[in-house]
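Below, read A as the first sequence line, B as the second, and so on, with proteins coming before strands; counting in each chain starts at 1.
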Amino acid sequence: MSITQSSASLFTTTEEEKEGTFTTRYSLWIKEALDELPHSFTITDPFISGHPIVFASPGFLKMTGYSREEVIGRNGRAFQGPKTNRRSIMEIREAIREERPVQVSILNYRKSGSPFWMLFHMIPVFGNDDGRVIHFVAVQVPISGQKMRNGSGCSEMVFGSCRREVCLGSFVHQERALPVECDEQELENWEHCEASESEKLKSAEAVGSVLSVLTRYSEFAGRLVCGKRNCLRGADCLSSSLVISLGRIKQSFVLTNPCLPDMPIVYASDAFLTLTGYKRHEVLGQNCRFLSGVDTDSSVLYEMKECILKGQPCTVQILNYSNRKDKSTFWNLLHISPVRNASGKTAYFVGVQMEASCKDIESKELRPETRQLSVVGAVRVAVRSSFMVTC
Amino acid sequence: MLKIKRVPTVVSNYQKDEASDESVGCGRNCLGACCINGARLPLYACKKLDKSGAGEKPVAFLESLVLGEWEDRFQRGLFRYDVTACETKVIPGKYGFVAQLNEGRHLKKRPTEFRVDKVLQSFDGNKFNFTKVGQEELLFQFEAGEDSEVQFFPCMPLDAENSPSVVAINVSPIEYGHVLLIPRVLDCLPQRIDHKSLLLALHMAAEAANPYFRLGYNSLGAFATINHLHFQAYYLAMPFPLEKAPSKKMVTTASGVKISELLSYPVRSLLFEGGSSMQDLSDTVSDACVCLQNNNIPFNILIADCGRQIFLMPQCYAEKQALGEVSPEVLETQVNPAVWEISGHMVLKRKEDYEGASEENAWRLLAEASLSEERFKEVNALIFEAIGCSYQGEELEGTVIGQDNPSGSVNQKSNRTHGGPITNGTASECLVLQ
């Protein structure tokens, strides 16, 4: 029933695939170096669909009770639960979307199901040469809760996710170390659990340590990463938040940039790669014509070109040549449409592929045409909002 | 009788001037008895939900249905303008209000009179209502299902006997995907909240499973355009300022619904969340709305975070406007503070307003809509009484740890919604006494 399954069977991901380019971005022994750090931290890759964890430190595994295999490939949400504060979740989500650091107390759950409070401190890691977010590093510092506030007024406040200045008044830290030992059920009922100054310092220190390992090993690999964005992201490079949004769409589609010479592909979904049999690095930067071949109808190509020039959507049936093992051709019911960004101008074209043979509709599914258009709609929403980032 | 003049937003291509007329006889493909036989729409029946699921996932089925059908109507030219061609930006500031320059949304027509001092008004079949929309403006039927699984029927006849609820397009969209949820459309309910309808709206928010898809409601007197029960919804992939505002808990009800008041926000609002089930949350909010309706207090509702958070904003802008109490600069922008505006999304019709949009301006406009501090307290008292909750202002009930009162006279609210040993005690059981 769910259209999150692509029609091709989902391949089982190997450990390497789940880690994506993590190991290729940094030089050898990066994992061993990170393993030596005592802190609990995870590293995620926004360019893999689902924004999964690609590295988890031994400290993290110990704290949560999971094994490495259970954690790699999962999104950080997996450790949240029903009593996790919604505002904290939103703060983290927004920091990711805006590619900025965040430090927030949040309730998480171990594998055993038991809850614990921790200070979650996350930073983006940028490529020095291209200015885009390569990874997010998240450090987790367990909070003892010794600094529970006392009295009614403060304890019920939930800090919003706007800038600190907006929050009401100055929050008085209770320095009295009341050894409060509550059973776990109580932990879940706490509105908030403020981290102590030393806990905050610990998290900053941990973040610094991880970042310096990454920096060092990226330098060895020849493509430095750093904690600050040192140059503007190029036009051919999508923001990590746009990529995360696009990664939610499970159908085959590409985004092309009509403002760049020869209108190259700037994004290709995993399903597109499966359908066509190409690897991502083989298609990014290329014009889509590599999918056409000897028997592709040139009048159809002409029709597409006309629509693109006029900035109109169109649907065509076109013979494509795959790079799959059998090098088979397939009939592609292709829909293309211009997509505008927040400025109101066309920023991309989206091309949604549908293999014509897959028009078998179960009676309980969306019509294929509707499903195809839903991809266009989802892309429109993602592109329109991706530029509206607060500075 | 208090009235204001404004140009109503056109939400359907079949919505006409009151003056220009009339008889819609048919062949027009509306939902009246004349046309409804043979009408077919996809039907989405959501699963029996107890609590909304965890977090964002890949694009959910309902989201694909909404987006796919909307894009279809978009490409067919059913909308009055391309909303994605309207420039939009986040206003620099602490809250990040969103401004949009949309010159095409507002008609250059004679404003009509709206009565603003009556929140409850009877349905008037002669006025435009959603049985008069064209069937092409309907996307699908939506119902709260009985099954544990979602059921989808691509082509289901619209059966008046079943009192179908439908999702329609708003032909003057604020953002991409702007739709209207019309509960039991053929029952011709006036614009007022009832328990069943609010629950349906919550179901939709939960099923869409996307925190950036919110539902909104405007009561009469709070800038509802059409007196036929409907909610609105659209996609905006960023947080609303309202959602970012800090909040302070006031009370937790017996069914576990936590009620907070917003702090540092121009419009004084309540936030409802939690509850041992979606029904509990929905019922509590409905009770509050019914109370406001019965006391003739206009209000707006925002359903956010996939149905986990419901904001209730009582307001008084229209009344102020009718009494001539709104400042001229604010009036000139012709921005009516309805649910989306109060949430922080401002659609501006004049370029100079868009260019000059600032957080201060937005704040000033919204502050005009807010109830005063005292009035808000009075209204809260009414609401708490209606939902059967006692709230004594600063004395808050709730989990208190570290209280120096070993006699345990503070009542421990049992907030537990999960299993585990229930300590039959008071707060003192949780204290390690020094």
Sole residue of B:Tyr234, B:Phe213, B:Tyr176 in side-chain contact (heavy atoms from CB on, under 4.5 Å) with A:Val381: B:Tyr176
Per-residue contact mode, B:Leu62 against chain A (heavy atom under 4.5 angstrom): neither
Portion of A:Ser245 that has a non-hydrogen atom of chain B nearer than 4.5 angstrom: neither
Contact winner vs chain A - B:Cys155, B:Pro42, B:Ala85, heavy-atom pairs under 4.5 Å: B:Ala85
Side chain / backbone / both / neither for A:His51 at chain B, heavy atoms under 4.5 Å: neither
For B:Glu87 against A:Ser343, the heavy-atom pair lying closest together: CG-O, 3.7 Å
Over all atoms of both residues, closest heavy-atom pair of B:Pro211 and A:Arg93: CG-NH1, 3.5 Å
Side chain to side chain, B:Glu63 and A:Ser374, heavy atoms closer than 4.5 Å: no
Heavy-atom side-chain contact between A:Leu373 and B:Leu67 under 4.5 Å: no
Region of B:Glu69 that comes under 4.5 Å of a non-hydrogen atom in chain A: both
Ionic contact status for B:Glu243 with A:Arg87, cut-off 4.0 Å: no
Inter-residue atom distance A:Thr370.OG1 - B:Phe140.CZ, 0.5 Å rounding: 11.5 Å
Residue pair B:Pro239 / A:Arg97: nearest heavy atoms and the distance that separates them: CD-NH2, 3.5 Å
Smallest separation among heavy atoms of B:Thr84 and A:Arg384, with atom names: O-NH1, 3.4 Å
Part of B:Phe74 within contact of chain A (heavy atom distance under 4.5 Å): side chain
Gap separating the OG atom of A:Ser385 from the CD atom of B:Glu175, nearest 0.5 angstrom: 6.5 Å
Nearest non-hydrogen partners of A:Glu365 and B:Phe152, listed with the distance: O-CE2, 3.6 Å
Side chain proximity check, A:Glu369 to B:Asp72, heavy atoms < 4.5 angstrom: no
NZ/NE/NH1/NH2 to OD/OE distance under 4.0 Å, A:Arg380 and B:Glu71: yes
